[in-house]
Amino acid sequence: MKLSGLKNLHQSMREQKIKRTKFDFKFNKAEFKCLFFIDENPYWLVLAIKGTNFFIKLNVEVGYVINPILEPKDYFKLKELLGLKSSKEKFSIKGFFETFNGKIPNTVRSSSVILPYETAPFFEYPEKTDGMYFVGWINHDGIKSNAQSSNLEKTKTLIGKEAYQICKKKNISSRWSDKEKYKFNVPQFPN
């Protein structure tokens with residue numbers, strides 16, 4: 001199935017040099033936080049129902065094509081969270097994604113850039129115990145210390161491939177905390 005609505009959003013992201021964005025979507029009784037990643041290949045789209053731990057992660061292939069087929073447990077959980085509990089209430093996953101496609105914003109705002117902690121619940125990554133709030137960068141000298149592969153993987157997952165490549169090349173680690181005071185720290189690429 002093609003999500004043609006992603007085309008304009010993608011173009012706006014490229015024009016503003018934004019690799020990851022978020023937007024909201026409402027369907028029936030559920031409010032979704034949607035995340036779109038263009039720094040992955042294929043692109044990723046995450047639809048997470050606010051106030052729950054339920055989310056759908058989809059690969060977005062060339063031409064903005066997704067596979068709309070869900071595992072039965074995910075299909076029934078989605079239907080339940082949408083407030084469609086009765087077996088008599090019809091629900092079409094194709095219709096759901098058609099509605100979603102029509103609600104995708106055409107442009108990205110600077111306020112819709114994804115912060116690292118917002119991606120943390122949807123992906124597996126090393127060093128979870130170090131926290132999900134970005135604190136800053138640590139430069140290593142290559143003699144007494146070096147960037148660890150686990151930290152580089154966490155950087156790639158929560159911040160993106162570009163930060164990962166810079167950190168790997170320049171021997172830099174990302175620093176993390178579980179303290180909410182760092183929640184709104186925006187990573188600027190290290191020098």
Side-chain angles (χ1 to χ4, degrees), residues 3 5-6 8-27 30-60 64 66 81 100 103-140 147-170 172-191:
L3 293 179
L6 289 173
N8 288 337
L9 180 63
H10 182 206
Q11 180 63 33
S12 176
M13 290 170 73
R14 285 193 313 219
E15 288 169 359
Q16 296 182 53
K17 296 183 171 119
I18 295 172
K19 306 281 186 192
R20 298 174 171 202
T21 192
K22 63 186 174 189
F23 57 94
D24 293 333
F25 165 63
K26 187 170 182 179
F27 190 93
E31 291 186 32
F32 291 83
K33 177 182 194 174
C34 306
L35 310 176
F36 185 43
F37 301 79
I38 63 170
D39 60 339
E40 298 296 334
N41 187 12
Y43 301 151
W44 289 342
L45 178 65
V46 174
L47 284 80
I49 297 180
K50 294 179 181 182
T52 74
N53 62 357
F54 180 83
F55 67 93
I56 303 165
K57 179 181 172 258
L58 302 164
N59 288 335
V60 180
Y64 310 103
I66 62 160
L81 292 169
F100 170 75
K103 301 289 184 180
I104 298 170
N106 288 319
T107 58
V108 64
R109 297 181 318 269
S110 59
S111 63
S112 61
V113 173
I114 301 172
L115 295 170
Y117 79 91
E118 294 176 291
T119 64
F122 310 115
F123 302 106
E124 289 299 317
Y125 57 89
E127 298 185 358
K128 278 194 176 207
T129 56
D130 291 347
M132 62 182 173
Y133 303 114
F134 176 76
V135 176
W137 303 108
I138 301 168
N139 292 302
H140 297 283
Q148 301 297 308
S149 61
S150 58
N151 182 270
L152 292 169
E153 283 302 313
K154 183 174 186 173
T155 302
K156 181 165 70 170
T157 302
L158 298 185
I159 301 175
K161 282 186 179 178
E162 190 174 356
Y164 163 81
Q165 290 167 342
I166 292 169
C167 288
K168 189 174 179 180
K169 180 180 177 184
K170 296 187 175 190
I172 297 172
S173 294
S174 53
R175 200 166 127 229
W176 301 89
S177 174
D178 58 359
K179 294 183 175 127
E180 276 200 45
K181 70 179 185 178
Y182 298 109
K183 186 176 187 174
F184 298 107
N185 277 7
V186 177
Q188 303 297 323
F189 289 134
N191 296 326

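All values reported here derive from a predicted model rather than from experimental measurement.
Under the 30°/60° scheme for interplanar angles, the aromatic rings of Phe32 and Phe25 are found to be tilted.
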Test side chain to side chain contact (heavy atoms under 4.5 Å, CB included) applied to Val60 and Leu3, step by step: CA-CA 9 Å; Val60 180; Leu3 293 179; 5.5 Å; no
Full working for side chain to side chain contact (heavy atoms under 4.5 Å, CB included) between Ile38 and Arg14: CA-CA 9 Å; Ile38 63 170; Arg14 285 193 313 219; 4.3 Å; yes
Steps toward side chain to side chain contact (heavy atoms under 4.5 Å, CB included) verdict (Val186, Leu115): CA-CA 6 Å; Val186 177; Leu115 295 170; 3.6 Å; yes
Check against side chain to side chain contact (heavy atoms under 4.5 Å, CB included), Phe36 and Met13: CA-CA 10 Å; Phe36 185 43; Met13 290 170 73; 3.6 Å; yes
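In Glu124, the CD atom is not crowded: 12 or fewer heavy atoms of neighbouring residues, nucleotides or ligands sit closer than 6.0 Å.
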Show the atom names and distances, to 0.1 Å, of all donor-acceptor pairs under 3.5 Å that link a side chain in residues 126-133 to residues at least two apart or in another chain.
unit_1 : atom_1 : unit_2 : atom_2 : d
Glu127 : OE1    : Asn151 : ND2    : 3.3
Glu127 : OE2    : Ser150 : OG     : 2.8
Glu127 : OE2    : Asn151 : N      : 3.3

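A side chain to side chain donor-acceptor pair (under 3.5 Å) check over residues 49-60, counting only residues at least two apart or in different chains, returns the pairs Asp24-Lys50. Residue pairs meeting the salt bridge (charged side-chain N to carboxylate O under 4.0 Å, His left out) criterion with at least one partner in residues 35-46, sequence neighbours excluded, are Arg20-Asp39, Arg20-Glu40, Glu40-Lys161.
Residue Thr107 holds its OG1 atom at 10.0 Å from CD of Glu15, rounded to the nearest 0.5 Å. Here the NZ atom belonging to Lys19 is positioned 5.5 Å from the CD atom belonging to Glu162, to the nearest 0.5 angstrom. Lys26 contributes atom NZ, which lies 11.0 Å from atom NZ of Lys103 (distance to the nearest 0.5 angstrom). In this structure, the separation between OG on Ser173 and CG on Asn139 is 9.0 Å, given to the nearest 0.5 Å. With values rounded to the nearest 0.5 angstrom, Leu158 atom CG is found 4.0 Å from Thr119 atom OG1. From Leu35, atom CG reaches atom CD1 of Ile114 across 4.0 Å, with rounding to the nearest 0.5 Å.
Under the 3.5 Å distance criterion, the side-chain polar atoms of Ser12 are matched with a main-chain donor or acceptor of Val108.
Side-chain rings of Phe37 and Phe122 stay apart, their centers remaining 6.0 Å or farther from each other. For Trp176 and Tyr125, the ring centers are positioned 6.0 Å apart or more.
For Pro187, the side chain to side chain contact (heavy atoms under 4.5 Å, CB included) partners two or more places apart in sequence, or in a different chain, are Pro116, Phe134, Trp137, Ile159. Residues that satisfy the side chain to side chain donor-acceptor pair (under 3.5 Å) test with Asn185, not counting sequence neighbours, are absent from this structure. Here Tyr64 pairs with His10 under the ring pair (Phe, Tyr, Trp, His ring centres under 6.0 Å) rule; sequence neighbours left out.
Across every non-hydrogen atom of Ile172 and Ala147, the tightest pair is O-CB, 3.6 Å. Of all the heavy atoms in Leu81 and Ala30, the pair that sits closest is O-CB, 3.8 Å.
Within the 4.5 Å cutoff, the side chain of Leu45 has heavy atoms near those of the Phe100 side chain.
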